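Predicted model only: the values in this text are computed from it and were never measured.
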Amino acid sequence: QEALVESGGGSVQAGGSLRLSCQASRHRWYMAWFRQTPGKEREGVAAIYTSIRTTYYHNSVQGRFTISYDRDRTTLYLEMNSLKPEDTGRYYCAAREAAEFLPTEFALARSKYDSWGQGTQVTVSI
């Protein structure tokens, strides 16, 4: 495992934007953002297969969030626009060691990732 360090969380009004960053110490083949709210399971929000930049999104954020990866900086980003109160939660950066391509239905599965950051809080108010 390795340390993944998130930043960029905060409080914003509905309709606003935030950009999350996740600094990794080395390149990883799959990286993703998950979010969790109290009493709920941690769910995959967006993922990227970094070698060919294939991206995956949860239906609830499709068209509003954009995941990207800077290989030179080994930094993962999540651009979040048109934020809604239901986007509130703690956002975690995750990374997967294995290089093989995952079927789409597994790209946002928590069990496929083996390194996790400490999370950054995002709060969206009405």
Where [X] and [Y] come nearest, the two heavy atoms and their spacing:
| X | Y | answer |
| --- | --- | --- |
| His58 | Leu108 | N-CD1, 3.6 Å |
| Thr74 | Arg26 | CG2-C, 3.8 Å |
| Ala14 | Pro85 | CB-CD, 4.1 Å |
| Ala98 | Tyr30 | O-CD1, 4.4 Å |
| Ser82 | Ser17 | N-OG, 4.4 Å |
| Tyr49 | Ala99 | OH-O, 2.9 Å |

Task: For Val5, the rest of its hydrophobic cluster, which grows through side-chain links under 4.5 angstrom - done: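 The other cluster members (ILVMFWY side chains, heavy atoms under 4.5 Å, direct or chained): none.
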Task: Remaining members of hydrophobic cluster (4.5 Å side-chain criterion), Val122 - done: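 Answer for Val122: Leu4, Val12, Leu18, Leu20, Met31, Trp33, Val45, Ile48, Tyr57, Val61, Phe65, Ile67, Tyr69, Leu76, Leu78, Met80, Leu83, Tyr91, Val124.
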To the nearest 0.5 Å, how far apart are [atom1] in [X] and [atom2] in [Y]?
| X | Y | atom1 | atom2 | answer |
| --- | --- | --- | --- | --- |
| Glu6 | Arg90 | CD | CZ | 7.5 Å |
| Arg42 | Thr37 | CZ | OG1 | 11.5 Å |
| Phe101 | Thr54 | CZ | OG1 | 5.0 Å |

- [ ] Go through the structure and list residues passing side-chain contact (heavy atoms from CB on, under 4.5 Å) with Lys112, not counting sequence neighbours.
- [x]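 In terms of side-chain contact (heavy atoms from CB on, under 4.5 Å), with neighbours along the sequence ignored, Lys112 is linked to Arg96, Leu102, Phe106, Ala109.
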Just to verify, what does [X] make a salt bridge (charged side-chain N to carboxylate O under 4.0 Å, His left out) with, not counting sequence neighbours?
| X | value |
| --- | --- |
| Arg73 | Asp70 |
| Arg110 | none |
| Glu41 | none |

A quick test of your reading: do over 12 heavy atoms of other residues, nucleotides or ligands sit less than 6.0 Å from [atom1] of [X]?
| X | atom1 | value |
| --- | --- | --- |
| Glu105 | CD | yes |
| Ile126 | CD1 | no |
| Gln121 | CD | yes |

Task: Check: Ala107 main-chain N/O paired with Tyr113 side-chain donor or acceptor under 3.5 Å - done: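 The answer is yes, because a donor-acceptor pair under 3.5 Å joins these two groups.
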Task: Cluster check Tyr77, Trp29: I/L/V/M/F/W/Y, side chain < 4.5 angstrom - done: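 Each belongs to a different hydrophobic cluster.
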TODO: Answer whether the closest heavy-atom distance between the side chains of Arg28 and Glu97 falls below 4.5 Å.
DONE: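 They are in contact (side-chain heavy atoms under 4.5 Å apart), so the answer is yes.
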